[in-house]
Amino acid sequence: MASETCSPSNKLRFLLGMVLFLLMNMTTAQLSSTFYSTTCPKALATIKSAVNSAVSNEARMGASLLRLHFHDCFVNGCDGSVLLDDTANMTGEKTAVPNSNSVRGFEVIDTIKSQVESLCPGVVSCADIVAVAARDSVVALGGPSWTVLLGRRDSTTASLSAANSNIPAPTLNLSGLITAFSNKGFTAKEMVALSGSHTIGQARCTTFRTRIYNETNIDSTFATSLRANCPSTGGDNSLSPLDTTSSTSFDNAYFKNLQGQKGLLHSDQQLFSGGSTDSQVNAYSSNLGSFTTDFANAMVKMGNLSPLTGTSGQIRTNCRKTN
């Protein structure tokens with residue numbers, strides 16, 4: 001039996017199996033939940049404390065930090081590119097249509113980075129800080145937790161064009177949403193779960209004006225109430241909550257709102273408008289646990305989008321600029 005176990009064919013089979021396993025896991029092979037456990041053991045607690053402080057100061061910041069991670073990951077992977085300021089040689093992602101006058105939370109990331117740098121200089125990446133801050137923000141607002149895999153490194157460049165083309169627009173129809181998320185490896189079900197992040201946060205009038213003045217699949221009282229704060233012209237930056245029920249609590253009210261035709265964005269209501277995702281909205285509306293579980297799993301998957309690991313990229317000292 002012993003000689004059979006160690007036969008050349010079995011060894012070859014084992015080696016081939018290992019190679020296949022490594023190939024299948026190359027993108028996440030170097031990400032690990034314990035990445036900083038010896039090099040910066042206080043990193044996670046430092047991030048959590050700073051996020052709790054920021055969210056306590058302004059609940060909306062929790063949604064902003066979660067969105068920052070999303071807008072980072074959907075543009076060439078979770079590499080901190082969204083944080084880079086423009087330079088003479090590079091136009092960053094901050095002025096892209098989905099980000100300009102919209103994406104926020106950069107100062108919170110700066111604060112966390114300076115705190116972590118004082119503890120462990122040159123160790124913790126900006127990309128990882130954004131990933132952990134997103135998780136801690138959801139937890140701070142009553143949502144689920146998940147294990148953030150760590151070890152991402154920071155990009156040395158950014159892409160305005162990729163930010164303009166890869167981040168799903170609030171004007172998309174259901175088929176466009178399914179395609180946009182499918183392009184990043186997500187199923188329609190995962191897209192619905194991730195859309196549930198709109199249970200927190202605010203949106204600008206310019207992103208939902210057309211819906212509240214022109215669309216018919218919207219509760220009339222809801223539309224009228226929104227028009228008071230979002231005129232047909234002007235007031236582009238006036239804010240309204242994405243979840244009209246409980247915009248600072250991470251719950252499943254977003255899906256219940258969709259059932260009542262109270263989705264704020266066109267893209268929100270598309271998830272419940274007689275299409276293929278209606279059943280998933282119904283499921284999450286009636287079962288908070290299934291939503292939070294699926295959301296957490298989808299966030300882990302999103303955090304694994306094309307990270308820079310090993311010797312790729314760098315560990316930025318200042319998240320706004322390359323070293």
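Side-chain contact between Glu190 and Asp294 is absent, with no heavy-atom pair separated by less than 4.5 Å. Pro307 places none of its side-chain heavy atoms less than 4.5 Å from the side chain of Asp79. Side-chain contact between Met302 and Lys184 is absent, with no heavy-atom pair separated by less than 4.5 Å. Looking only at side-chain heavy atoms (C-beta outward), Gln259 and Val281 come within less than 4.5 Å of each other. The shortest distance between side-chain heavy atoms of Thr292 and Phe295 does not fall below 4.5 Å. Counting heavy atoms from C-beta outward, Ser102 and Arg204 have side chains that approach closer than 4.5 Å. Contact of the Leu68 side chain with the Phe106 side chain is registered, since non-hydrogen atoms from C-beta on lie closer than 4.5 Å.
The OG1 atom of Thr95 sits 8.0 Å away from atom CG of Asn164, with the distance rounded to the nearest 0.5 Å. Summarising the geometry, atom CZ belonging to Phe186 is positioned 13.5 Å from atom CG belonging to Leu177; distances are rounded to the nearest 0.5 Å. In this structure, CG in Asn318 is found 7.5 Å from SG in Cys126, a value given to the nearest 0.5 Å. Rounding to the nearest 0.5 angstrom, the gap separating the NE2 atom in His69 from the CD1 atom in Ile109 is 10.5 Å. Distance check: Glu93 CD to Asn166 CG gives 9.5 Å after rounding to the nearest 0.5 Å. From Ser273, atom OG reaches atom CG of Asn217 across 4.0 Å, with rounding to the nearest 0.5 Å.
Below 30°, between 30° and 60°, or above 60°: for Phe70 and Phe74 the angle between ring planes is above 60°, a perpendicular geometry. By the 30° and 60° cut-offs, the orientation of the rings of Tyr254 relative to His198 is perpendicular.
A donor and an acceptor atom, one from each side chain of Asp86 and Thr91, are nowhere located under 3.5 Å apart. Ser155 and Asn76 are not linked by any side-chain donor-acceptor pair at a separation below 3.5 angstrom, with hydrogens and angles left out of the test. Using a 3.5 Å distance cut-off with no hydrogens or angles, the side chains of Thr87 and Asn89 do not pair a donor with an acceptor.
Taking both residues in full, the closest heavy atoms of Thr157 and Ser81 are given as O-CB, 3.6 Å, listed atom of the first, atom of the second, then distance. Here the shortest heavy-atom pairing between Lys94 and Arg320 reads NZ-NH1, 3.4 Å. Across every non-hydrogen atom of Ile112 and Ala50, the tightest pair is CG1-CB, 3.5 Å. Across every non-hydrogen atom of Ile47 and Asp136, the tightest pair is CG2-OD2, 3.8 Å. Residues Leu83 and Cys319 approach most closely at CB-O, 3.4 Å, considering heavy atoms. Nearest heavy atom pair, residue Met90 against residue Asp85, reads CE-O, 3.6 Å.
A distance-only check finds no donor-acceptor pair linking the side chain of Gln269 to the backbone of Ile218 [under 3.5 Å]. Of the possible polar contacts, none joining the Asn257 side chain to the Gly263 backbone as a donor-acceptor pair under 3.5 Å is found. Panel note: side chain Thr207, backbone Ala203; no donor-acceptor pair is recorded below 3.5 Å. No side-chain donor-acceptor contact under 3.5 Å links Ser100 to the backbone of Ala96. Side-chain atoms of Asp154 come within 3.5 Å of backbone atoms of Arg316 as a donor-acceptor pair (strictly under, hydrogens ignored). A side-chain donor-acceptor contact under 3.5 Å links Asp243 to the backbone of Ser246. For the pair Asn173 (side chain) and Ser175 (backbone), a donor-acceptor distance under 3.5 Å is absent. Between the Thr46 side chain and the Lys42 main chain, a donor and an acceptor come within less than 3.5 Å of each other. With hydrogens and angles ignored, the 3.5 Å screen pairs no side-chain donor or acceptor of Arg211 with any backbone N or O of Thr171. For Asn323 (side chain) and Ile315 (main-chain N/O), a donor-acceptor pair under 3.5 Å exists by modelled atom type.
A side-chain contact (heavy atoms from CB on, under 4.5 Å) with Ile212 is found for one member of Ser232, Ser225, Cys205, Cys230 and no other, namely Cys230.
A salt bridge links Arg209 and Asp236; the closest N-O separation between the charged side-chain nitrogens and carboxylate oxygens is under 4.0 Å.
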Step-by-step side chain to side chain contact (heavy atoms under 4.5 Å, CB included) determination, Trp146 to Asn297: CA-CA 8 Å; Trp146 59 90; Asn297 289 334; over 6 Å; no
Residues Leu174, Met191; criterion side chain to side chain contact (heavy atoms under 4.5 Å, CB included); working and verdict: CA-CA 10 Å; Leu174 180 59; Met191 180 270 290; 4.0 Å; yes
Stepwise side chain to side chain contact (heavy atoms under 4.5 Å, CB included) check, Arg135 with Met299: CA-CA 8 Å; Arg135 187 271 311 273; Met299 286 299 295; over 6 Å; no
Audit row: Thr309, Leu31, side chain to side chain contact (heavy atoms under 4.5 Å, CB included) steps and yes/no: CA-CA 8 Å; Thr309 57; Leu31 294 187; 3.9 Å; yes
Candidate pair Arg104 and Glu58, rule salt bridge (Lys or Arg N to Asp or Glu O under 4.0 Å), full reasoning: CA-CA 12 Å; Arg104 59 199 293 274; Glu58 183 203 15; 3.0 Å; yes
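The salt bridge (Lys or Arg N to Asp or Glu O under 4.0 Å) search around Asp278 returns none, not counting sequence neighbours. Considering only residues two or more places apart in sequence or on other chains, Asn229 meets the side-chain hydrogen bond (donor to acceptor under 3.5 Å, both in side chains) condition with none of them. Applying the salt bridge (Lys or Arg N to Asp or Glu O under 4.0 Å) test to Lys48 and every residue at least two apart in sequence or in another chain returns nothing.
Under the 6.0 Å cut-off for aromatic ring centres, Phe272 and Tyr284 do not qualify, their centroids lying 6.0 Å or more apart.
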